[in-house]
Engineer: 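One structure follows; several queries about it will come next.
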Amino acid sequence: MSDSFNISEIFGEYVFNDSAMRERLPKKAYEKLMEAMKEGAELDPATADIIAHEMKEWAIDQGATHYTHWFQPLTGFTAEKHDSFITAPDERGQVLMSFSGKELIKGEPDASSFPSGGLRATCEARGYTAWDCTSYAFVRHDAAGATLCIPTAFCSYTGEALDQKTPLLRSMQAVNEQSLRLLRMFGNTTSKQVIPSVGPEQEYFLVDREKYLKRKDLIYTGRTLFGSMPAKGQEMDDHYFGAIRPRIAAFMKDVNEELWKMGVPAKTQHNEVAPAQHELAPIYETCNLAVDHNHIVMEVLKKKANEHGLQCLLHEKPFVGINGSGKHNNWSITTDDGINLLDPGKTPHDNLQFLLVLTCILKAVDRHADILRESASDVGNDHRLGANEAPPAIISIYLGKQLDDVLEQLTSAGVATHSIEGEILETGVDILPDFMKDATDRNRTSPFAFTGNKFEFRMIGSQDSISMANVVLNTIVAEAFKEACDELEAADDFESTLHDLIKRQAKDHKRIVFNGDGYGEGWIEEAQKRGLPNIPSMVEAIGSLTTDKAVNLFETFGVFTKPELESRAEILYETYAKTINIEARAMINIANKTLIPAIIKYVTHLADSVNSAKAAGACDISVQTGMLDDCSTLLVEAKEALTKLEQVTDAGLAMEEGKEQAEYYRDEVREAMAALRTPIDKLEILVDKDMWPFPSYGDLIYEV
């Protein structure tokens with residue numbers, strides 16, 4: 001990479017974006033594509049062929065030899081099958097480079113080999129990928145060369161969504177339709193589209209790759225299954241926003257350049273709270289583009305880390321004892337002509353459109369807190385949510401002092417007459433400027449916090465797709481908007497009905513608003529009094545997908561069918577059990593083959609030392625015998641725990657897949673894993689470091 005470059009010159013260099021399309025496509029083909037992107041118009045075959053040809057020519061100029069339909073199956077990752085541009089050789093043995101509109105628009109991967117939750121049988125293999133023209137194609141450069149990646153949806157032969165993108169696009173359509181209805185009632189006749197926009201903040205860890213390769217637990221599971229904390233953790237808060245070390249800075253520089261070339265607007269980078277933890281945040285984008293770009297971000301982080309001799313860990317909790325990683329999903333809804341529906345203006349108390357939008361969102365989150373909680377459920381996230389490092393597992397909304405005061409006026413007096421204004425921040429230092437501070441503070445303990453002109457959903461796990469969370473947000477808000485519009489459109493007196501609706505929604509759903517400390521012990525009790533659901537783990541959360549309430553919600557707006565929801569629930573139960581099973585098997589393997597032999601070797605060494613001291617007539621060997629007794633006792637405890645873990649894991653594996661098996665792994669297998677880890681982590685402190693078989697926490701998080 002060059003030492004200096006002009007961002008404006010390289011940004012989008014690897015993307016078949018609007019600029020590239022304007023340059024290469026005939027005017028009529030370009031206009032038809034824009035119509036398809038903005039209005040959903042269908043492309044005719046001739047136009048599709050023209051676009052495909054020009055996209056291929058552009059990609060070849062970028063060095064591409066292959067293309068792939070890049071999609072997001074229900075594995076949590078992306079998937080792709082590469083085809084070269086070459087055609088069959090002619091009679092002279094020469095090949096041409098071609099790419100048709102049909103190949104652009106439709107692909108056919110094997111649908112039976114991806115998770116389908118029963119929607120597809122093994123013998124029913126046909127599935128389709130369909131080009132999402134609203135997300136730009138891009139060329140990815142890696143060890144395979146250059147590949148044209150075409151973002152696509154993935155569905156079964158019978159039309160069910162087998163991916164993350166299809167329901168997301170459906171939900172965007174739903175919230176667009178209902179938002180436009182709302183805007184029209186307030187006299188807006190110019191906005192043609194309302195688009196949810198998202199800015200996902202990505203947290204991650206970086207460790208030395210050579211050390212990573214010596215940790216089979218990290219390789220197999222993405223997290224450490226054993227390990228004791230070093231003397232220093234994060235308690236000094238000196239890593240957070242600290243100076244970025246040269247090795248990490250060089251990595252970040254390469255990441256930024258790669259992302260900018262791929263059209264990802266990476267903006268913010270910094271050290272996070274935990275040692276070896278960092279964050280990357282982009283500028284806000286259209287919802288489905290933000291989802292695609294976040295997958296690209298995760299892929300680039302991992303690729304560039306390897307190039308720098310590092311390993312990027314995206315697991316939510318790779319290390320016990322220090323903060324894990326999340327992904328803050330900053331969500332708002334904005335018109336095509338730049339109106340943010342979540343902008344309260346300078347006087348939110350008399351901004352009736354904003355107050356209606358706000359109280360509709362309160363209603364949506366209060367009514368569907370369980371589904372929103374499920375959208376952030378992940379096996380790794382169970383280690384993080386509810387700890388004093390992440391939002392609690394209880395969904396609540398933080399509005400801040402200004403909006404909370406407006407809400408209080410609405411619920412107590414029936415009308416809001418004023419808004420708290422920002423004040424001058426005085427530093428007390430003459431040379432520093434005084435400036436207006438915001439009318440409200442921020443709350444880092446809230447799962448769903450209003451932050452000026454957007455809501456920040458802070459619960460999503462760092463390795464997860466942000467798709468499902470945004471599917472839920474878009475759909476529940478669409479429902480609340482629809483119900484409000486139905487009532488207002490039928491009203492004889494619009495103004496009176498509007499005021500009554502805002503007051504009623506504020507009063508009925510104020511229980512979801514909490515501006516206090518979400519980490520405080522009293523919040524759990526207070527939430528229970530309010531009737532808010534407390535869903536502590538992924539297994540409990542999954543069931544919210546298949547309730548009558550959820551099925552009615554998603555089917556009403558065409559986002560999911562009942563079979564699609566049931567299939568996703570089945571996949572999630574299986575994923576949970578399989579993930580814990582892999583972790584348990586990894587613990588068994590590591591303990592049997594590596595740790596216990598190393599501990600036995602050290603105990604034998606201690607025993608030899610004691611015997612030698614006795615033979616030499618040493619007067620006091622209490623230290624040696626004490627250490628020998630301690631290590632021997634812990635070794636016995638570890639062996640007993642290992643035997644127990646083997647037994648419960650075998651029993652779990654023999655069970656039928658589904659909810660009951662997932663619950664068993666949550667209750668029995670995880671408990672047995674913790675019981676094995678406890679004595680071995682204590683032994684790590686006692687055993688000679690030279691005899692401990694793999695790098696410690698201190699080696700991993702401080703020696704980067």
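Residue numbers run from 1 in the order of the sequence given. Bear in mind that the values here come from a model prediction, so they are computed numbers and not experimental data. Basis for what follows: all heavy atoms, side chains included, without hydrogens, waters or symmetry-related copies.
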Engineer: Write down the atom of A64, the atom of L148, and the distance for their closest heavy-atom approach.
Structural biologist: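 Of all heavy-atom pairs spanning A64 and L148, the closest is CB-N, 4.2 Å.
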
Engineer: Are the side chain of H308 and the backbone N or O of L310 linked by a donor-acceptor pair below 3.5 Å?
Structural biologist: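 No.
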
Engineer: Checking ring-ring contact (aromatic ring centres under 6.0 Å, His included) against F154, which of Y128, W131, F114 comes through?
Structural biologist: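 The single option meeting the ring-ring contact (aromatic ring centres under 6.0 Å, His included) with F154 is F114.
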
Engineer: Just by modelled atom types, is the M252 backbone N or O under 3.5 Å from a matching donor or acceptor in the N256 side chain?
Structural biologist: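 Yes, because the side chain of N256 sits within donor-acceptor range (under 3.5 Å) of the backbone of M252.
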
Engineer: Counting only heavy atoms not in K303 (residues, nucleotides, ligands), do more than 12 fall under 6.0 Å from its NZ?
Structural biologist: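 Correct, the count exceeds 12.
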
Engineer: Can Y30 and D18 be counted as having a side-chain donor-acceptor contact under 3.5 angstrom?
Structural biologist: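 Present: a donor and an acceptor within the cut-off.
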
Engineer: For residues 40-53, dump all side-chain donor-acceptor pairs below 3.5 Å to protein atoms at least two apart in sequence or in another chain.
Structural biologist:
from: D44; atom 1: OD1; to: A46; atom 2: N; distance (Å): 3.2
from: D44; atom 1: OD1; to: T47; atom 2: N; distance (Å): 2.9
from: D44; atom 1: OD1; to: T47; atom 2: OG1; distance (Å): 3.1
from: D44; atom 1: OD2; to: K32; atom 2: NZ; distance (Å): 3.3
from: D44; atom 1: OD2; to: T47; atom 2: OG1; distance (Å): 2.7
from: D49; atom 1: OD1; to: G101; atom 2: N; distance (Å): 2.7

Engineer: Between E374 and L545, is any pair of side-chain heavy atoms under 4.5 Å apart?
Structural biologist: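 With C-beta onward as the side chain, the pair touches.
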
Engineer: What residues, two or more places apart in sequence or in another chain, satisfy salt bridge (Lys or Arg N to Asp or Glu O under 4.0 Å) together with R223?
Structural biologist: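 Scan of R223 (salt bridge (Lys or Arg N to Asp or Glu O under 4.0 Å), adjacent residues dropped) gives E583.
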
Engineer: Can a donor-acceptor pair be found between the side chains of H69 and T152 at a distance below 3.5 Å?
Structural biologist: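 Judged by distance alone, the side chains do not pair up.
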
Engineer: Mind checking whether R140 and E299 have side chains closer than 4.5 Å, heavy atoms only?
Structural biologist: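 When only atoms from C-beta onward are counted, E299 and R140 do touch, with a gap below 4.5 Å.
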
Engineer: Are any side-chain N or O atoms of D699 and backbone N or O atoms of S696, one a donor and one an acceptor, separated by less than 3.5 Å?
Structural biologist: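 Yes.
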
Engineer: Quick check: closest heavy atoms across I244 and H270, and the distance to 0.1 Å?
Structural biologist: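 So the two residues come closest at CD1-CA, 4.4 Å.
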
Engineer: Please assess N381 against D464 for the test side-chain hydrogen bond (donor to acceptor under 3.5 Å, both in side chains), listing each intermediate value before the final yes or no.
Structural biologist: CA-CA 9 Å; N381 228 11; D464 277 357; 5.4 Å; no

Engineer: Could you report the tightest heavy-atom contact between L301 and F251, atom names first, then the distance?
Structural biologist: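 That would be O-CE1, 3.6 Å.
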
Engineer: Once the angle between the rings of F319 and F205 is folded into 0 to 90°, is it parallel (under 30°), tilted (30 to 60°) or perpendicular (over 60°)?
Structural biologist: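 Aromatic pair F319/F205 classed perpendicular.
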
Engineer: Under the criterion side chain to side chain contact (heavy atoms under 4.5 Å, CB included), I'd like the reasoning laid out for Q311 against N306: C-alpha separation, chi angles, the key distance, then a yes or no.
Structural biologist: CA-CA 6 Å; Q311 185 69 34; N306 289 348; 3.4 Å; yes

Engineer: Evaluate the side chain to side chain contact (heavy atoms under 4.5 Å, CB included) criterion for residues V139 and W58: first the C-alpha distance (whole Å), next the side-chain angles of each, then the deciding distance (0.1 Å), finally the verdict.
Structural biologist: CA-CA 10 Å; V139 167; W58 169 83; 3.6 Å; yes

Engineer: What are the two closest non-hydrogen atoms of A591 and F226, and how far apart are they?
Structural biologist: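 Distance-wise, the nearest heavy atoms are CB-CZ, 4.4 Å.
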
Engineer: For the side-chain contact (heavy atoms from CB on, under 4.5 Å) test, which of V175, N329, V198 pairs with L473?
Structural biologist: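 Only one of V175, N329, V198 forms a side-chain contact (heavy atoms from CB on, under 4.5 Å) with L473, namely N329.
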
Engineer: Tell me whether the centres of the aromatic rings in F16 and F138 are closer together than 6.0 Å.
Structural biologist: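 No: the rings miss the under 6.0 Å criterion.
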
Engineer: Measuring from F85:CZ to M97:CE, what's the distance to the nearest 0.5 Å?
Structural biologist: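 Result: 6.5 Å between the selected atoms.
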
Engineer: Please check this pair: side chain of T224 against backbone of P318, looking for a donor-acceptor N/O pair closer than 3.5 Å.
Structural biologist: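 Here the side-chain-to-backbone pair exists.
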
Engineer: So, taking the atom named CD1 in I322 and the one named NE2 in H239, what distance separates them when rounded to the nearest 0.5 Å?
Structural biologist: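 Here the rounded value is 9.5 Å.
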
Engineer: What's the spacing between I701 CD1 and E703 CD if we round to 0.5 Å?
Structural biologist: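 One finds 10.5 Å between CD1 of I701 and CD of E703.
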
Engineer: Just by modelled atom types, is the N470 backbone N or O under 3.5 Å from a matching donor or acceptor in the N474 side chain?
Structural biologist: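 Judged by distance alone, yes, a pair lies under 3.5 Å.
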
Engineer: Decide, yes or no, whether a salt bridge links E257 with K261 under the criterion of side-chain N to carboxylate O below 4.0 Å.
Structural biologist: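 A salt bridge is present here (some side-chain N lies under 4.0 Å from a carboxylate O).
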
Engineer: Decide yes or no on side-chain hydrogen bond (donor to acceptor under 3.5 Å, both in side chains) for Q277 and N323, but give the supporting numbers first.
Structural biologist: CA-CA 9 Å; Q277 187 185 34; N323 277 16; 5.3 Å; no

Engineer: In this structure, are over 12 heavy atoms from other groups packed under 6.0 Å from E31 atom CD?
Structural biologist: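 Yes, CD of E31 has more than 12 neighbouring heavy atoms, counting only those of other groups under 6.0 Å.
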
Engineer: Just do the side chain to side chain contact (heavy atoms under 4.5 Å, CB included) check on S197 and T334 with the steps written out, would you?
Structural biologist: CA-CA 7 Å; S197 60; T334 308; 4.0 Å; yes

Engineer: Is there a side-chain contact between T575 and K578 in this structure, where contact means two heavy atoms from C-beta onward sitting under 4.5 Å apart?
Structural biologist: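 They are not in side-chain contact.
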
Engineer: Would you please classify the geometry between the Y204 ring and the H278 ring as parallel, tilted or perpendicular, with 30° and 60° separating the classes?
Structural biologist: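 It falls in the tilted class, 30° to 60°.
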
Engineer: Quick test of your reading of the model: are D217 and R215 salt-bridged, counting only N-O distances below 4.0 Å?
Structural biologist: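 A salt bridge links D217 with R215.
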
Engineer: Can you see which heavy atom on F560 is nearest to which on M468, and at what distance?
Structural biologist: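 Looking at all heavy atoms of both residues, the closest pair is CE1-CE, 3.8 Å.
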
Engineer: Taking atom CZ of F77 as the centre, report whether more than 12 heavy atoms of other residues, nucleotides or ligands fall under 6.0 Å from it.
Structural biologist: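 Atom CZ in F77 is not packed in, count stays at 12 or less.
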
Engineer: Using a strict 4.0 Å threshold on nitrogen-to-oxygen distance, state whether E564 and R170 make a salt bridge.
Structural biologist: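 Yes.
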
Engineer: Using side-chain heavy atoms (C-beta onward) and a distance below 4.5 Å, is N288 in contact with L168?
Structural biologist: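 Counting from C-beta outward, N288 and L168 do come under 4.5 Å.
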
Engineer: Using the side-chain contact (heavy atoms from CB on, under 4.5 Å) definition, which of the options M459, M298, E201 pairs with K327?
Structural biologist: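 So the option named by the test is M298.
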
Engineer: Nearest heavy-atom pair of V704 and R247: which atoms, and what distance?
Structural biologist: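 Nearest heavy atoms, V704 then R247: C-NH1, 3.7 Å.
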
Engineer: Could you please spell out the steps behind the side-chain hydrogen bond (donor to acceptor under 3.5 Å, both in side chains) verdict for S135 and D292?
Structural biologist: CA-CA 8 Å; S135 183; D292 288 354; 2.5 Å; yes

Engineer: Counting distance only, does the side-chain N/O of S462 pair as donor-acceptor with the main-chain N or O of S325 below 3.5 Å?
Structural biologist: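 Yes; judged by distance alone, with no hydrogens or angles, the pair exists.
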
Engineer: Does any N or O in the side chain of E316 come within less than 3.5 Å of the main-chain N or O of H383, such that one atom is a donor and the other an acceptor?
Structural biologist: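 Flag not set: sc E316 to bb H383 has no pair under 3.5 Å.
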
Engineer: Could you give the distance from CD1 (I582) to CE (M587), rounded to the nearest 0.5 Å?
Structural biologist: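 That separation rounds to 14.5 Å.
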
Engineer: For the pair S156 (side chain) and T158 (backbone), establish whether a donor and an acceptor sit closer than 3.5 Å, ignoring hydrogens and angles.
Structural biologist: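 It does hold such a pair.
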
Engineer: Evaluate S19 against N17 for side-chain hydrogen bond (donor to acceptor under 3.5 Å, both in side chains), listing each step before the verdict.
Structural biologist: CA-CA 5 Å; S19 176; N17 54 22; 4.6 Å; no

Engineer: Are any of the side-chain nitrogens in D61 or R24 under 4.0 Å away from the carboxylate oxygens of its partner?
Structural biologist: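 The answer is yes: the pair qualifies as a salt bridge.
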
Engineer: Using a 3.5 Å distance criterion without hydrogens, assess whether the side chain of Y576 forms a donor-acceptor pair with backbone atoms of Y665.
Structural biologist: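 No, Y576 side chain to Y665 backbone: no donor-acceptor pair under 3.5 Å.
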
Engineer: Within this structure, what is the NE2-OG1 distance for the pair H82 and T68, rounded to the nearest 0.5 Å?
Structural biologist: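 Between H82 NE2 and T68 OG1, I get 4.5 Å after rounding to 0.5 Å.
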
Engineer: Charged N to carboxylate O below 4.0 Å: is that the case for D378 and R384?
Structural biologist: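 Judged by the 4.0 Å cut-off on N to carboxylate O distance, D378 and R384 do not form a salt bridge.
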
Engineer: Rounded to the nearest 0.5 Å, what separation is found between the CD atom of E203 and the CD atom of E272?
Structural biologist: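 Nearest 0.5 Å value for the CD-CD distance: 4.0 Å.
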
Engineer: Between M172 and T134, is a side chain to side chain contact (heavy atoms under 4.5 Å, CB included) present by the stated rule, with each step listed?
Structural biologist: CA-CA 12 Å; M172 292 173 65; T134 63; over 6 Å; no

Engineer: Quick one: does any side-chain atom of S467 pair with a main-chain N or O of Q164 as donor and acceptor, under 3.5 Å?
Structural biologist: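 Side chain of S467 to backbone of Q164, a donor-acceptor pair under 3.5 Å: yes, one is there.
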
